[in-house]
Chemist: 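Take this structure, written in structure tokens, and hold onto it; I'll ask about it next.
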Amino acid sequence: WKLAYFDEGGIVFVGSDCKIEPIIKKLNPGNYSKPNKILALLSYANFFFFTEQYQKAQSYYAAVLKLDPDFPETYINLAASFFAQGKFRDAEMCYRMAIRKSKKYAEPFYGLATLYLKKGDYNAAVEILGFALRKKPIFPEAQFLLCYIYLRTGNYDGAIEICREMISRTSDDETLYNMLGTAYFQKGNLKEALEQFEKAISINPEYAEAKQNYQACLDKMNEGREK
């Protein structure tokens, strides 16, 4: 992640490997005009969020919203901080507020989908992920989540379609091959499943789940030969 802060030269971005604390202490949001004050407050809020100081982050996000209550990105970040604390009702409220302020962002729809998944409401999660992916067709987190739901609910063809599309863009993700292999395994296409598990293991030889799935697939194939 990167953090924006201000000095006489304007906005500066620093990486997570830098010593952020002294830089943050230099910031004084009161010294800036309203637009820059908002960005300065967000710098504080994002710092506290990424260092898992969620209550402090929330206080600064709230300060931003006092200056600009129509800033949807702030509601999204605030929702994420509540989600990280397990305050799912507050997170849902903020995600819905972000959508109310602007429907152009895919992220709050994705956030809502994760909340519905926690409730076990797969149908609602799938519907909301559909909104997210229409707004942002290339959205790996949303696609992974949808694929996971499809695997859980038996829509194996849907899972295969998502995995194939994502692999066409990212061919070195072992998780995708493992999910694709799982979908083929559940459909009974053991040869194709074995091939996908092999690809996952070739990318990451320490991938325990793929190795277990590979062995389960071999065992299933051997059972079929014995019969």
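When a residue number appears, it is its place in the shown sequence, counting from 1.
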Chemist: Please examine the side chains of Phe144 and Glu141, heavy atoms only from C-beta on, and report whether any two atoms are closer than 4.5 Å.
Modeler: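 Counting from C-beta outward, Glu141 and Phe144 never come under 4.5 Å.
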
Chemist: Looking at Ser59 and Lys56, would you say the former's side chain and the latter's main chain have a donor-acceptor pair under 3.5 Å?
Modeler: yes

Chemist: For Gln58 and Phe48, what are the C-alpha separation, side-chain angles and deciding distance, and is it a side-chain contact (heavy atoms from CB on, under 4.5 Å)?
Modeler: CA-CA 9 Å; Gln58 288 155 14; Phe48 289 124; over 6 Å; no

Chemist: Does a sphere of radius 6.0 Å around CZ in Arg164 hold more than 12 heavy atoms from other residues, nucleotides or ligands, not counting ones at 6.0 Å or beyond?
Modeler: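 Counting other residues, nucleotides and ligands, CZ of Arg164 exceeds 12 neighbours.
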
Chemist: Is Lys119 close enough and on-axis enough to Tyr116, meaning under 6.0 Å and within 45°, for cation-pi?
Modeler: yes

Chemist: I'd like to know if the side chain of Tyr95 pairs up with that of Glu107 as donor and acceptor (distance under 3.5 Å, no hydrogens or angles considered).
Modeler: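 Side-chain D/A pair, Tyr95 to Glu107: absent.
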
Chemist: Just so I know, are the side chains of Met166 and Ile162 near enough to count as touching, which here means a heavy-atom distance under 4.5 Å?
Modeler: yes

Chemist: Could you tell me if Gln143 and Glu165 have a donor-acceptor pair between their side chains, going purely by distance under 3.5 Å?
Modeler: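 Side chains of Glu165 and Gln143: pair found under 3.5 Å.
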
Chemist: Calculate, to the nearest 0.5 Å, the distance between atoms CD and CG belonging to Gln215 and Asn222 respectively.
Modeler: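 Reported value, rounded in 0.5 Å steps: 8.5 Å.
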
Chemist: Are Lys199 and Glu195 within salt-bridge range, i.e. N to O under 4.0 Å?
Modeler: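 The answer is yes: the pair qualifies as a salt bridge.
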
Chemist: If you count heavy atoms of other groups shown closer than 6.0 angstrom to CD of Gln186, is the number above 12?
Modeler: yes

Chemist: When you compare the side chain of Tyr105 with that of Lys135, does any pair of heavy atoms fall below 4.5 Å?
Modeler: no

Chemist: Assert yes or no for the condition that the ring centre distance of Phe83 to Phe88 is strictly below 6.0 Å.
Modeler: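 Ring centres of Phe88 and Phe83 closer than 6.0 Å.
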
Chemist: Just so I know, are the side chains of Leu190 and Phe185 near enough to count as touching, which here means a heavy-atom distance under 4.5 Å?
Modeler: yes

Chemist: Verify the cluster assignment for Val64 and Ile76: are they in a single hydrophobic cluster under the rule of side-chain heavy atoms below 4.5 Å apart?
Modeler: no

Chemist: Determine whether Phe71 and Leu42 make a side-chain contact, defined as any pair of heavy atoms from C-beta on separated by less than 4.5 Å.
Modeler: yes

Chemist: Can Tyr150 and Ile160 be said to form a side-chain contact (heavy atoms from CB on, under 4.5 Å), step by step?
Modeler: CA-CA 9 Å; Tyr150 282 163; Ile160 289 169; over 6 Å; no

Chemist: Shared ILVMFWY cluster between Ile149 and Leu133, side chains joined below 4.5 angstrom?
Modeler: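 Shared cluster, yes.
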
Chemist: What are the two closest non-hydrogen atoms of Ala183 and Ala159, and how far apart are they?
Modeler: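 Looking at all heavy atoms of both residues, the shortest contact is CB-CB, 4.2 Å.
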
Chemist: Quick one: CD on Glu161 to SG on Cys147, what's the gap to the nearest 0.5 Å?
Modeler: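 Those atoms lie 10.5 Å apart.
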
Chemist: With the side chain counted from C-beta on, respond yes when Ile99 and Leu112 share a heavy-atom pair under 4.5 Å apart, and no when they do not.
Modeler: yes

Chemist: Is a side-chain donor-acceptor pair under 3.5 Å present for Glu209 with Asn178?
Modeler: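 Yes.
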
Chemist: Out of curiosity, Ser81 OG to Gln53 CD, how far, rounded to the nearest 0.5 Å?
Modeler: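 CD of Gln53 is found 12.5 Å from OG of Ser81.
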
Chemist: Enter the distance from Asp173:CG to Ile203:CD1 here, rounded to the nearest 0.5 Å.
Modeler: 7.0 Å

Chemist: Taking all non-hydrogen atoms of both residues, which atom of Pro72 and which atom of Lys101 are closest, and how far apart?
Modeler: CB-CB, 4.2 Å

Chemist: Would you mind reporting whether Phe47 and Tyr60 have side-chain heavy atoms less than 4.5 Å apart?
Modeler: no

Chemist: In the single-linkage hydrophobic clustering (I, L, V, M, F, W, Y; side-chain heavy atoms under 4.5 Å), do Ile201 and Tyr184 co-cluster?
Modeler: no

Chemist: State yes or no: do Tyr148 and Leu129 share one hydrophobic cluster built from I, L, V, M, F, W and Y residues joined by side-chain heavy-atom distances below 4.5 Å, directly or via other members?
Modeler: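 Yes: a chain of side-chain contacts under 4.5 Å links Tyr148 to Leu129.
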
Chemist: Scan side-chain atoms only and decide if Asn123 and Glu127 contain a donor-acceptor pair under the 3.5 Å cut-off.
Modeler: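 The answer is no; no qualifying pair exists.
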
Chemist: What are the two closest non-hydrogen atoms of Ala210 and Ala200, and how far apart are they?
Modeler: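 Minimum heavy-atom separation between Ala210 and Ala200: CB-CB, 3.9 Å.
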
Chemist: Considering only heavy atoms from C-beta outward, does the side chain of Leu180 approach that of Ile167 to under 4.5 Å?
Modeler: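 Yes, side chains in contact.
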
Chemist: Can you check whether Glu206's main-chain N or O pairs, donor with acceptor, with Lys211's side chain at less than 3.5 Å?
Modeler: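 Not a single qualifying donor-acceptor pair exists.
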
Chemist: Same cluster or not: Phe82 versus Leu41, using hydrophobic residues (I, L, V, M, F, W, Y) connected whenever any side-chain heavy atoms lie under 4.5 Å apart?
Modeler: yes

Chemist: Salt bridge (charged side-chain N to carboxylate O under 4.0 Å, His left out), that's the test. Do Lys187 and Glu192 meet it? Break it down for me.
Modeler: CA-CA 10 Å; Lys187 281 176 64 71; Glu192 187 66 41; over 6 Å; no

Chemist: I need the Glu92 CD to Thr114 OG1 distance, nearest 0.5 Å.
Modeler: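 These two atoms lie 10.0 Å from each other.
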
Chemist: Decide yes or no on side-chain contact (heavy atoms from CB on, under 4.5 Å) for Leu65 and Tyr75, but give the supporting numbers first.
Modeler: CA-CA 8 Å; Leu65 291 173; Tyr75 288 106; 3.6 Å; yes

Chemist: Are the ring centres of Phe197 and Tyr177 closer than 6.0 Å?
Modeler: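 When the ring centroids of Phe197 and Tyr177 are compared, they turn out to be at least 6.0 Å apart.
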
Chemist: More than 12 foreign heavy atoms under 6.0 Å from CZ of Arg89: is that the case here?
Modeler: no

Chemist: Phe139 and Lys136: which non-hydrogen atoms are nearest, and at how many Å?
Modeler: CB-O, 3.2 Å

Chemist: Quick one: closest heavy-atom pair of Ile128 and Phe109, and the distance?
Modeler: CG2-O, 2.9 Å

Chemist: Drop me the distance from Asp121's CG to Leu115's CG, to the nearest 0.5 angstrom.
Modeler: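 One finds 11.5 Å between CG of Asp121 and CG of Leu115.
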
Chemist: Give me the atom names and distance for the closest heavy-atom approach of Ala57 to Ala45.
Modeler: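 The pair with the smallest heavy-atom distance is CB-O, 3.4 Å.
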
